Amino acid sequence: MSDQSRKKQGIFVRGTYFDYPTLALVIFIFLFGLVMIYSSSAFWGKYMDRAASSTIFVQKQFLFGCVGFVAMYVVSRMRYQWIRKWTYPIMFVTAILVILVKFMGKEVNGSTRWLNLGFISFQPSEIAKLALILYAAHIFTDKSGYLKTFMGTLITAVFPGLMVLIIAVENLSTGIVCAVIVVAVWYVATPRPIFLIIVAIFGVLFIVIYTKAAAYRQVRFQVWDDPWNPEIWDYGNQTRHSLYAIASAGMFGRGLGQGVQKLGALPEPHNDMIFAVIAEELGLVGVIAVVIMFLLLIWRLRFIAEGAPDRYGALIMSGIIAHIGFQLVMNMAVVTNTLPNTGVTLPMISYGGTSLSFLMLEFGIALSISRQIVPKGAKQEVA
């Protein structure tokens with residue numbers, strides 16, 4: 001479709017189709033997340049977080065969720081092709097915010113990831129995930145000819161690669177997620193296994209060198225190897241209590257709200273370790289249900305990707321699927337001590353306003369793409 005045709009069609013789209021199953025799954029997972037945030041944070045909010053309120057965290061999450069749903073609806077009504085022309089401004093602003101964190105960032109739990117503007121604090125790295133999805137989809141569509149050679153691929157990947165490196169310096173786990181997003185979009189754009197192998201080798205080398213550059217990162221690997229090591233006992237606290245929660249779960253768990261590890265033993269259970277609370281309270285059945293919810297969501301997102309009317313839309317969907325899927329697996333792996341402890345959250349379920357809001361924007365773009373799917377036998381909408 002030409003740029004002139006898009007201009008005639010305007011910003012908003014009606015379409016002949018809308019993927020209601022995706023919307024229903026997003027709403028259901030969000031509501032489930034609210035229940036689990038309240039269950040996991042009530043004690044923490046009332047007794048550990050300056051004795052604020054047992055509902056302080058769920059109230060904040062609900063507020064961000066409402067804002068996110070409004071943003072999702074507005075974006076879902078817009079033509080995603082119109083958003084494309086804002087790719088470079090979005091990426092430029094995101095890069096500025098990520099750099100500002102290095103100079104003006106607020107330190108939380110030993111890491112400088114937050115930017116405080118006075119009226120709001122947020123993590124620019126969460127914004128970067130969406131920005132990289134849009135940028136990678138645009139550049140790998142606009143410069144698709146470059147992807148035929150390794151040197152051309154490197155040229156297109158210079159800017160997103162620098163962004164990933166800047167993020168990884170302070171936040172390796174989020175940097176890895178961002179890298180996976182870019183590589184996933186690139187691989188769908190041009191499936192060349194040899195390129196993927198080369199990128200993977202360099203990625204592993206970077207992680208090894210990076211982790212050995214600071215003592216506290218090496219401690220995380222020691223905890224991963226043996227969280228009961230008395231020499232690093234305090235550092236393994238979160239991992240141990242996460243495993244205690246999972247080990248005591250059984251088939252049906254202790255019951256919703258009946259978990260004990262969240263009562264001061266498991267640090268900030270409503271954030272990165274909320275999956276451990278789900279396992280302890282809902283058991284194996286609850287864990288399987290959560291996995292099934294996300295698999296259904298990814299299946300619907302893939303359906304939208306396959307029905308996308310153009311390459312750009314399909315690549316955006318590839319980035320969104322990679323983001324949700326990889327972050328889900330990474331969070332569960334950390335909670336079960338399959339991977340070293342990182343700061344990756346469980347999508348839409350862990351507490352976090354920035355993460356939730358920008359995930360909603362991603363789903364808004366996905367629903368916008370779904371509006372342009374033309375069902376068999378239907379006529380293409382002309383706005």
Side-chain angles (χ1 to χ4, degrees), residues 29 33 90-91 94-95 97-98 101 105 108-109 111-115 122-137 140 157 159-188 196 199-200 202-208 210-211 217 220 224 271-275 291 294 297-298 301 315-336 338-363 365-366:
I29 294 174
I90 290 172
M91 198 64 183
T94 303
L97 293 174
V98 169
V101 170
V108 177
N109 295 330
S111 298
T112 307
R113 304 176 181 179
W114 294 80
L115 193 61
F122 61 94
Q123 295 188 62
S125 58
E126 294 295 333
I127 304 174
K129 294 174 185 176
L130 174 57
L132 284 169
I133 289 173
L134 296 176
Y135 182 85
F140 293 148
F159 191 75
L162 289 174
M163 175 76 79
V164 169
L165 284 175
I166 293 172
I167 294 172
V169 167
E170 188 63 42
N171 189 347
L172 178 61
S173 56
T174 302
I176 292 174
V177 173
C178 290
V180 167
I181 288 172
V182 175
V183 171
V185 176
W186 159 72
Y187 184 72
V188 172
L196 186 62
V199 170
F202 277 106
V204 171
L205 287 175
F206 171 78
I207 292 173
V208 171
Y210 180 81
T211 52
R217 299 187 193 113
R220 290 191 176 186
W224 177 42
N271 288 330
D272 307 343
M273 293 292 167
I274 197 169
F275 189 73
V291 173
F294 278 102
L297 178 60
I298 290 172
L301 293 175
L315 291 182
I316 287 178
M317 294 306 305
S318 299
I320 294 174
I321 292 170
H323 176 197
I324 302 299
F326 183 75
Q327 192 162 316
L328 170 69
V329 171
M330 200 168 180
N331 177 268
M332 292 190 298
V334 167
V335 171
T336 57
T338 307
L339 287 176
N341 202 337
T342 63
V344 175
T345 58
L346 190 61
M348 295 185 65
I349 295 180
S350 291
Y351 172 77
T354 310
S355 175
L356 178 63
S357 299
F358 282 90
L359 274 171
M360 290 298 187
L361 285 176
E362 288 184 29
F363 291 130
I365 295 173

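This structure is a prediction, so every number in the text was calculated from the model and none was measured. We use all heavy atoms of the structure for the numbers below, so side chains are in, but hydrogens, waters and symmetry mates are not.
Within the 4.5 Å cutoff, no side-chain heavy atoms of Thr174 are placed close to those of Thr342. With a 4.5 Å cut-off on side-chain heavy atoms, Val344 and Val334 do not count as touching. Considering only heavy atoms from C-beta on, Leu359 stays 4.5 Å or farther from Lys129 through its side chain.
Looking only at distances, a side-chain donor or acceptor of Arg220 sits under 3.5 Å from a matching main-chain atom of Asn341. Formation of a donor-acceptor pair under 3.5 Å by the Trp186 side chain with backbone atoms of Phe140 is not found in this model. With hydrogens and angles disregarded, a donor-acceptor distance shorter than 3.5 Å links the side chain of Thr336 to the backbone of Ala333.
Here Glu362 pairs with His323 under the side chain to side chain donor-acceptor pair (under 3.5 Å) rule; sequence neighbours left out. Under the side chain to side chain donor-acceptor pair (under 3.5 Å) criterion, Asp272 pairs with no residue, sequence neighbours left out. With sequence neighbours left out, Thr345 forms a side chain to side chain donor-acceptor pair (under 3.5 Å) with Gln327. In this view, Ser355 satisfies the side chain to side chain donor-acceptor pair (under 3.5 Å) rule with no residue, not counting sequence neighbours. Scanning for side-chain contact (heavy atoms from CB on, under 4.5 Å) contacts around Ala179 gives Val164, with sequence neighbours left out. In this structure Tyr351 satisfies the ring-ring contact (aromatic ring centres under 6.0 Å, His included) test together with Phe57, His270, sequence neighbours excluded.
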